[in-house]
Amino acid sequence: MASLRTPTVQNPSLSPSSKTRLPCATSSSNNLRFSPAPHRRLIIVSSSASSNKSTVLVAEKFGEAGIAASRKPTVLVAEKLGEAGVELLRKFTNVVCEYNLSPEELCAKISLCDALIVRSGTKVTREVFEASGGRLKVVGRAGVGIDNVDLAAATEFGCLVVNAPTANTVAAAEHGIALLAAMARNVAQADASVKAGKWQRNKYVGVSLVGKTLAVMGFGKVGSEVARRAKGLGMHVVAHDPYAAADRARAIGVDLVSFDEAISSADFISLHMPLTPATSKILNDETFAKMKKGVRIVNVARGGVIDEEALVRALDSGIVAQAALDVFTEEPPPKDSKLVQHEKVTVTPHLGASTVEAQVDSDDSKLDLTMLLSF
Ligand SMILES: O=C(O)[C@H](O)COP(=O)(O)O
């Protein structure tokens, strides 16, 4: 499973207290532009690491109703979670694990559920909330990205959406670095070649990372961890993120620059922004044209931030020398996808969060969401 760390409520108007401000997308063409919308963070349960005991912090409006709910809620786990997490859920709830449901099957089952847990593979659409008939009270996203949940519909139907915003930060950052190095040294292509009985040492001459400029696009949790690791590899790192603090970047030796400066100066670009209307297809024909010829791109964020047809054109024209992609607009991508089949492209099946550690995580973290769901 993706681990269940301290959950963050994602539909602000449902949250009774205002504690943090998270970015909320507005419009932009070339900039990752977010407006710091007032975001309310509701931590219904917090855990004490030392005692491993949960403390229920129920905020005024929600609390009494939540406490009064004594029946065991039913939780539909629609994607594979770690067994330890599911076991914890079972202590407080009736757990139904049903994977690979079609949208119709999900809609058919949801009216019997108080909570739904998903990862990135399940689309929690307006139809799902409609089909729930108002019973669905919580959607738990066991992971970070909530672009697969219709937040407007959730809010309209009075359903909390919570995620685990820090659970897989390191896993995603490490996968970004793994793809960066594998791409630069043609590891996947060379592996396939040797297994096919060939010995093509000249064909797979790579490029070095040391001294190269890496542009980290989106300097949040994952982006900053990638930057830190890239500095350790001797890369010069710049970053673009309109809401990152310059001193936080400076502290790890990273220069915050404009979007255009980042993409035009980079030998490597690593994408770490959420998918929002402002970032959708932010790499497109126009922005590829501004890049250095021969740039290499890593994407462990969301497929939708790249115009994939434009990327194929940029690979064919040589603007982009190579790409390493963990995420795709459509997942899984079509088998005959030109992008996936492209010889200059290395792909993995959305493995960013898939480490043993990120999936098991700490007991306290799992407890948080478990207790939240018990409401
Ligand atoms: O948003 C995330 O947390 C990552 O993309 C991982 O998604 P997953 O939970 O589907 O592996």
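As a basis for the values below, the full set of heavy atoms in this structure was taken, side chains included, without hydrogen atoms, waters or symmetry mates.
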On a heavy-atom basis, which atom in [X] and which in [Y] lie closest, and how many Å separate them?
| X | Y | answer |
| --- | --- | --- |
| A227 | I252 | CB-CD1, 4.3 Å |
| V161 | V149 | CG2-CG1, 3.9 Å |
| V226 | I177 | O-CD1, 3.9 Å |

Practice problem: For the pair N299 (side chain) and R302 (backbone), establish whether a donor and an acceptor sit closer than 3.5 Å, ignoring hydrogens and angles. | Solution: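 Side chain of N299 to backbone of R302, a donor-acceptor pair under 3.5 Å: yes, one is there.
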Quiz item: Do the side chain of R141 and the main chain of G145 share a donor and acceptor less than 3.5 angstrom apart?
Solution: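 Judged by distance alone, yes, a pair lies under 3.5 Å.
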N/O donor-acceptor pairs under 3.5 Å from side chains in residues 307-331, not counting sequence neighbours:
residue : atom : partner : partner atom : Å
D307    : OD1  : E309    : N            : 3.2
D307    : OD1  : A310    : N            : 3.1
E308    : OE1  : T329    : OG1          : 3.3
E308    : OE2  : T329    : N            : 2.9
E308    : OE2  : T329    : OG1          : 3.2
R313    : NE   : D285    : OD1          : 3.2
R313    : NH2  : D285    : OD2          : 2.8
D316    : OD1  : H342    : NE2          : 2.8
S317    : OG   : R313    : O            : 3.3
S317    : OG   : A314    : O            : 3.2
S317    : OG   : I319    : N            : 3.4
Q322    : OE1  : R296    : NE           : 2.6
Q322    : NE2  : M183    : O            : 3.1
Q322    : NE2  : N186    : OD1          : 2.9
D326    : OD1  : T348    : OG1          : 2.7
D326    : OD1  : H350    : N            : 3.0
D326    : OD1  : L351    : N            : 2.6
D326    : OD2  : L351    : N            : 3.0
D326    : OD2  : G352    : N            : 2.9
E331    : OE1  : H350    : ND1          : 2.7
E331    : OE2  : F328    : N            : 2.9
E331    : OE2  : H350    : ND1          : 3.3

Quiz item: Relative to each other, are the rings of H240 and F259 parallel, tilted or perpendicular (30° and 60° limits)?
Solution: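 Because their plane-to-plane angle is over 60°, the rings of H240 and F259 count as perpendicular.
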Practice problem: May I ask you to check whether over 12 heavy atoms, not counting those of K109, lie within 6.0 Å of atom NZ? | Solution: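 Open.
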Quiz item: Does NZ in K338 sit with more than 12 non-hydrogen atoms of other residues, nucleotides or ligands closer than 6.0 Å?
Solution: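 Not more than 12 within 6.0 Å, no.
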Quiz prompt | Test log, rule side-chain contact (heavy atoms from CB on, under 4.5 Å), inputs L116 and L106 | solution = CA-CA 10 Å; L116 169 67; L106 177 58; 4.1 Å; yes
Quiz item: Is the shortest side-chain N to carboxylate O distance from E225 to K221 below 4.0 Å?
Solution: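 Answer for the salt bridge query: no.
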Quiz item: With hydrophobic residues grouped by side-chain heavy-atom distances under 4.5 Å, do V295 and V298 end up in a single group?
Solution: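 As far as the 4.5 Å side-chain criterion goes, V298 and V295 are not connected within one cluster.
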Self-check item: Set of side-chain hydrogen bond (donor to acceptor under 3.5 Å, both in side chains) partners for S337, sequence neighbours left out
Solution: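 In terms of side-chain hydrogen bond (donor to acceptor under 3.5 Å, both in side chains), with neighbours along the sequence ignored, S337 is linked to no residue.
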